[in-house]
Structure formats: structure tokens, C-alpha cells
Trainee: 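This structure is in C-alpha cells; I'll ask about it shortly.
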Protein chains: 2
Amino acid sequence: MEKQLQRSRAVLPIGTVMKLTTLSARQIRYYETQGLIKPARNEGNRRQFSLIDVDRLLDIKGYLDEGFNMTEIKRVYEKQAKHQQKEHKALEKPVTDEDVRQVLQHEFLSIAGLNHGSEPSFPSDDLSKK
Amino acid sequence: MEKQLQRSRAVLPIGTVMKLTTLSARQIRYYETQGLIKPARNEGNRRQFSLIDVDRLLDIKGYLDEGFNMTEIKRVYEKQAKHQQKEHKALEKPVTDEDVRQVLQHEFLSIAGLNHGSEPSFPSDDLSKK
DNA sequence: CGTCTCATGTCACAAGATATGACATGAGAC
DNA sequence: GTCTCATGTCATATCTTGTGACATGAGACG
């Protein structure tokens, strides 16, 4: 359980998070304005994300893919905050092709930072400013 | 063992690595010129480190604290490369105060990125350009 | 169909971060 | 003393990030 402490350490800049989540900076910032994440800021006002933030972003991404909108996702987290227990599993549906990619990617974090993982995957995206 | 794959994913910019290792950018770059690490580069020529790189940097830091110089540390890794097995444990000495800080810090990575960890620690450094 | 809203993309300018090369320095080795 | 080693500090050029503004495709709704 102390592991949770480490995962909350905010050290990742938005660029790294983009790679880890394959979300655009615009999306990440937007989710923040929507109150879904609240990354820390350094002295230079740069966002500093933790692995927990990255996890949440991946969750958000998954919810969006499943058709939820910001407001609904917000409610999910509000409820979780109250009930103080991770039960968003109740929202799961039979896996689609998209989901698989999601899960595999999520595994990276499970391995590179958590404890509930199983098999890895490499998005290997390049994010070149196309 | 597949977990090793994830840890080799180069996504961390030097700033993050500085925080994770409490090493200066100058030191990190110097160790690179000495051939101790070979971080990947992105399209913009920026260094991209993996958790494995961070681990090695922490090891290097530990060796330096123990009195080794670049050349000797280099040999350590060359030998490891040949014998293809992590046995630099043979170089350990009875723990000193400095060592403790090292180990505790190393634990962060063990937790936020590996699997052989135990208890955490927060350097909580700020890196403001003093 | 128009019109709104939502989630994102794209631009643009300011400010912080990083790359490299040069010069400086304290601690030891000789 | 003089060298070497590991780092610090500067300077300049080039990315990266932050914010705000304008644009747009997909749906919802009338």
C-alpha cells in the first residue's frame, strides 16, 4: 500500500505523458480544465504528472472510447471519491479491438509502475510534430 | 522477464531523470560521453531515457560514492556485458549512511518501475536552478 | 436542414528546458 | 607544483510547454 505513495510522485512532463497515453497535449490540458486531473505544477508553471495521473488519463481515454462524455466521466470519479473504493470495473463491457490496445498499453504502467499487471505492449508511437 | 521490455522504453527527458536520480544534467551528460549510458534521442535530438538508464545512473552514482572512477565503473559494466549476468553485488560493502540514502532512493524505482523493491523514500528535491 | 454543444485540432507568442562547446575549479595522484 | 578527473557555470541555438483564440467534424435537437 505504501507503493501508492511512490506513484503519486509528480515528476513527468506533459511530453512524456503524451507518449505514455498517446493522448495529445491539447486533450490532456482539456481534461484538466474539465477537472478530471489536477497535475502539480513546478516553479515554472509546467505541469508535473504522477503515475497516478497517467493511470487516470488512460482510464479517461478508455471511457471516452466507450462513449462517455466529460460530465459522465466526472461523475464516475466523484462517485469513486465518495465511496472511496475502486469499482469502476462495473462499467466494463465485452472487449473490442480498441479495448485490447488500451489494455495492453495500460499494462506498461502496471509493469513500469504498479502491481496489478500481466502482459506488456509497445505502442512505439513517434509523436513527431506531423 | 518480459517486464524488462517495458523498462527499456525510452520516454523520460533529462529533467525527469535529474529528479529521479538527483544527478545534475552535467553529470548525466558526462556519464554519457564516458560511454556509461546511451540514451536514445528524439527527432529534436533531445535525450530520451528509459527506466533501465535511470537504474544504471543510480548504480553509477553509488559506485562513485564508493570511490570508483569512470574507468573502473566502465569495466564493471563491460564485465557484466560479457558474463551476461547481474553480479555487481560482489562490489558491495557494509552499508554507510550515504548508502542508505542511495538504496532508499533506488527503492522508488523498484516500486515505480520494477519488481524487486521493498520500502520507499522521497528525495523530494526541488531542482530550482539555485 | 440550421444551430448548439462537445472534444480536439491548429496557430501564435512568451517563457522554460535542453544540447553543445568553452572555460573554471577543487581534490587527488605524481 | 602540475595533471587528471568529475563537475560547475556561461552562452547561444533550438525544442517544449502554457495559454488564449479561432476552426471543425460529429451528434443532439428542434
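Labels below follow one simple rule: chain letters A, B, ... track the order of the sequence lines, proteins then strands, and each chain is numbered from 1.
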Trainee: Any heavy-atom pair between the side chains of Leu51(A) and Leu12(A) that's under 4.5 Å?
Mentor: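 Leu12(A) reaches Leu51(A) side chain to side chain.
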
Trainee: Does the pair Thr71(A) and Gln34(A) meet the rule for a side chain to side chain contact (heavy atoms under 4.5 Å, CB included), with working shown?
Mentor: CA-CA 8 Å; Thr71(A) 311; Gln34(A) 296 306 300; over 6 Å; no

Trainee: Five pairs at each end of the helix from dC1(C)-dG30(D) to dC30(C)-dG1(D): take the axis at both ends and give me the angle between them to 10°.
Mentor: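 Between the first-five-pair axis and the last-five-pair axis there is 20°.
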
Trainee: Just to verify, what does Pro13(B) make a side-chain contact (heavy atoms from CB on, under 4.5 Å) with, not counting sequence neighbours?
Mentor: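 If we apply the side-chain contact (heavy atoms from CB on, under 4.5 Å) test to Pro13(B), skipping adjacent residues, the hits are Pro13(A), Thr16(A), Thr16(B).
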
Trainee: Figure out the CD/C1' separation between Gln48(A) and dG16(C), and round it to whole Å.
Mentor: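 Nearest whole value for this atom pair: 11 Å.
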
Trainee: Among residues at least two apart in sequence or on other chains, which ones pass side-chain contact (heavy atoms from CB on, under 4.5 Å) with Thr33(A)?
Mentor: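 Thr33(A) satisfies side-chain contact (heavy atoms from CB on, under 4.5 Å) with Tyr30(A) only.
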
Trainee: What are the atom names and distances for every N/O pair under 3.5 Å that joins the protein to nucleotides 3-6 of chain D?
Mentor:
from   : atom 1 : to       : atom 2 : distance (Å)
dA6(D) : OP1    : Met70(B) : N      : 2.7
dA6(D) : OP2    : Tyr30(B) : OH     : 2.8

Trainee: Apply the test side chain to side chain contact (heavy atoms under 4.5 Å, CB included) to residues Tyr31(B) and Leu64(B): give CA-CA distance (whole Å), side-chain angles for both, the deciding distance (0.1 Å), then the verdict.
Mentor: CA-CA 11 Å; Tyr31(B) 301 157; Leu64(B) 285 172; 3.0 Å; yes

Trainee: Does the protein touch nucleotides 18-30 of chain D at the base, only the backbone, or not at all? Give it as B, S and - per nucleotide, heavy atoms under 4.0 Å.
Mentor: BB-B---------

Trainee: Applying side chain to side chain contact (heavy atoms under 4.5 Å, CB included), run through Leu20(A) and Phe49(A) and close with a yes or a no.
Mentor: CA-CA 11 Å; Leu20(A) 257 29; Phe49(A) 301 79; over 6 Å; no

Trainee: Once you round it to whole Å, what is the distance between C1' of dA17(C) and CG of Asn42(A)?
Mentor: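 The distance from CG of Asn42(A) to C1' of dA17(C) comes to 10 Å, rounded to the nearest Å.
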
Trainee: Look at the aromatic rings of Tyr63(A) and Phe68(A) and report parallel, tilted or perpendicular, splitting at 30° and 60°.
Mentor: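 Ring orientation of Tyr63(A) relative to Phe68(A): tilted.
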
Trainee: Which residues satisfy the side-chain hydrogen bond (donor to acceptor under 3.5 Å, both in side chains) test with Arg41(B), sequence neighbours excluded?
Mentor: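 So Arg41(B) forms a side-chain hydrogen bond (donor to acceptor under 3.5 Å, both in side chains) with Glu32(B), Asn45(B).
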
Trainee: Would you check, one step at a time, whether the test side chain to side chain contact (heavy atoms under 4.5 Å, CB included) holds for Leu23(A) with Met18(A)?
Mentor: CA-CA 5 Å; Leu23(A) 284 172; Met18(A) 287 171 72; over 6 Å; no

Trainee: Rounded to whole angstrom units, what separation is found between the CD1 atom of Ile60(B) and the C1' atom of dT7(D)?
Mentor: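 Value for this atom pair: 15 Å.
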
